[in-house]
Amino acid sequence: DPLAARLKLLRNALQQREREQKETEASEEPERPADAGEPAGGGLQGWEQVGELTYRRVFSFENPLAGEPLSEHLVPRGLSAGDLLFFDTETTGLSGGAGTVAFLVALGRLAGERLEVEQLFLADYPGEPEFLRSLAPALGSAGQLVSYNGRTFDAPLLAGRFALNRLSLQTRGHSDLLYWARRLWKRALGDCSLGSIEREVLGLERGQDVAGWEVPGIYLDYLRRGWSPRLPLVWEHNLQDVRSLAVLFARLNAALGGGELPGRADLASLGSWLLKSGGEQRGLELLRLSFEEGDERAGRALGLHLKRAGRWDEAAQVWRRLVADRRSLFAAVELAKQAEHRLRDPLEALEWVRQVAGWGLPLEPRSRRELAARRARLERLASRPAERRTQAPK
DNA sequence: GCCGATGTCTGCATGAAATC
DNA sequence: GATTTCATGCAGACATCGGC
């Protein structure tokens, strides 16, 4: 059983780490430099102690969803805004193995006009079981988790921590906004990190912040020295991540429901996705809009969809425009196929293929081969007597 | 370094239709 | 009836990316 094997590995690694920690503790007094600042726990003003080493604080913001109905593309039918749980974790690293611990978690819930964000902070490793027990009710009762890359990073990491501590965790649905962000803004932005989406799409600016890669070091510094002056920045970073997550969710939700998409969104990509996912009306709307704005990919997707739906004339209109405006090889070949197989007119098909040759496009070897084969076949057909041309051979 | 979702590319199977 | 040709859809391989 691969899962059992992995858990065994994780347990062994954890036991090894605990042994090393005990040896270190036995061999030396903890170093406490003069400039270490406040002792452990001493800098936690504003936090409520809810366990021996677990602290909690709560913030309230304006609800970015503001009563909008939820899109079924983002959240399963039947769930309401109150069932969502936005979450983000800060951890001691990226590896995801037994050595990586989540020490800070932000949980955001929508309640009426407000977005309530609860943060839980683990002040030292031995408190992990109680820290996880504090998290479990919220994670377990949420109808839908919402995260940024949490499906790959945060959720498996927490699941591993619960398993290692012999605690159970049952969660339900999970909506990961990273995949939406890539679908929509990858073409325009390239980089789809949450920070880039905040700046370029949501128009949010953070004040003083820490980079993600700095977080483990700051926490380890805090554990080693009893305090780190940069720890509050980590708390703030975590808080802002969940707040941005809720804002991004609200903007996506509005766009899927028919509203405007922020930033230079890839409407062709979203339209194609919607067509495959049962959102035909909105999908076609977005593809047409994007095609009007000059996106060739939107035209290709639109034409193919119309062709599959048997709307040949509408498909041909799209392809003719692609040929006229963009010299699209794809559209010319589609027109040739339609002429040969549907209109039974190999002469017209040949005309489309010859037109492409006349453009002198730099073609990939494969495309060049295919085009040449099509042309040769159509020339054979076209050279036959007219009465033998009406039924194109296959 | 890990992992899951996604997009792209390629090869293959299938079915339909025409040809020999 | 066997063979050929074409369009289409699917599966698998592979690369990319973001989280701390």
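Remark: C1' of dC3(B) and CG of Leu94(A) are 11 Å apart, rounded to the nearest angstrom. Atom CZ in Arg300(A) sits about 14 Å away from atom C1' in dG7(B), given to the nearest Å. Across the protein-nucleic acid pair, Asp221(A) atom CG and dC20(C) atom P stand 19 Å apart, rounded to whole Å. Here the P atom of nucleotide dA7(C) and the CG atom of Leu335(A) are 13 Å apart, to the nearest Å. Rounded to a whole Å, the CD atom of Gln338(A) is 16 Å from the C1' atom of dT8(C). In this structure, CG of Leu233(A) is placed 15 Å from P of dC20(C), rounded to the nearest angstrom. When rounded to the nearest whole Å, the span between CZ of Arg369(A) and C1' of dG11(B) equals 13 Å. Put simply, OH on Tyr148(A) is 7 Å from P on dG18(C), counting in whole angstrom units.
Nearest to the side chain of Lys337(A), among dG4(B), dG19(C), dA7(C), sits dA7(C).
For the segment residues 170-188 of chain A, residues with any heavy atom less than 4.0 angstrom from an atom of DNA chain B are, sorted by number, Tyr179(A), Arg182(A), Arg183(A).
We find the CZ-CG distance between Arg133(A) and Leu120(A) to be 13.5 Å, quoted to the nearest 0.5 Å.
With salt bridges taken as basic N to acidic carboxylate O contacts below 4.0 Å, one links Arg354(A) and Glu379(A). Using a 4.0 Å cut-off between a side-chain N of Lys or Arg and a carboxylate O of Asp or Glu, Glu116(A) and Arg109(A) do not qualify as a salt bridge.
For Gly78(A) against Asp83(A), the heavy-atom pair with the smallest separation is O-OD2, 4.5 Å.
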Below 3.5 Å between N/O atoms, which protein atoms pair up with nucleotides 10-12 of chain C? Just atom names and distances, please.
none

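With sequence neighbours left out, the side-chain hydrogen bond (donor to acceptor under 3.5 Å, both in side chains) criterion links Asp176(A) to no other residue.
The aromatic rings of Tyr219(A) and Phe103(A) sit parallel to each other, their planes meeting at less than 30°, with 60° as the upper class boundary. Tyr222(A) and Trp227(A) have perpendicular rings, their planes meeting at more than 60° on a 0 to 90° scale where under 30° would count as parallel. Note: Phe121(A) and Trp47(A) have tilted aromatic rings, judged against thresholds of 30 and 60 degrees for the angle between ring planes.
The environment of Arg368(A) atom CZ is dense: over 12 non-hydrogen atoms of other residues, nucleotides or ligands sit within 6.0 angstrom.
Cation-pi check for Arg151(A) over Tyr179(A) is not met; the charged atom does not lie both under 6.0 angstrom from the ring centroid and within 45 degrees of its normal.
Thr92(A) comes within 4.0 angstrom of nothing in the nucleic acid, heavy atoms only. Counting non-hydrogen atoms under 4.0 angstrom, Gly190(A) reaches the backbone sugars and phosphates but no base. At the heavy-atom level, Asp241(A) lies under 4.0 Å from the strands shown only through sugar-phosphate atoms. Residue contacts for Asp191(A): at a heavy-atom cut-off of 4.0 Å it reaches the sugar-phosphate backbone alone, with no base atom in range. Nucleic acid contact class of Arg308(A) (heavy atoms, under 4.0 Å, all strands): sugar-phosphate only.
In terms of phosphate contacts, Arg380(A) brings no side-chain nitrogen or oxygen within less than 4.0 Å of OP1 or OP2 of dT5(C). A sub-4.0 Å separation between OP1 or OP2 of dA7(C) and a side-chain N or O of His341(A) is present.
Here dT16(C) sits opposite dA5(B) as a Watson-Crick or G-U wobble pair (both hydrogen-bonding atom distances under 3.5 Å).
Between Leu194(A) and Arg374(A), the residue anchored closer to the 5' end of DNA chain C is Arg374(A), taking for each the nucleotide with the nearest heavy atom.
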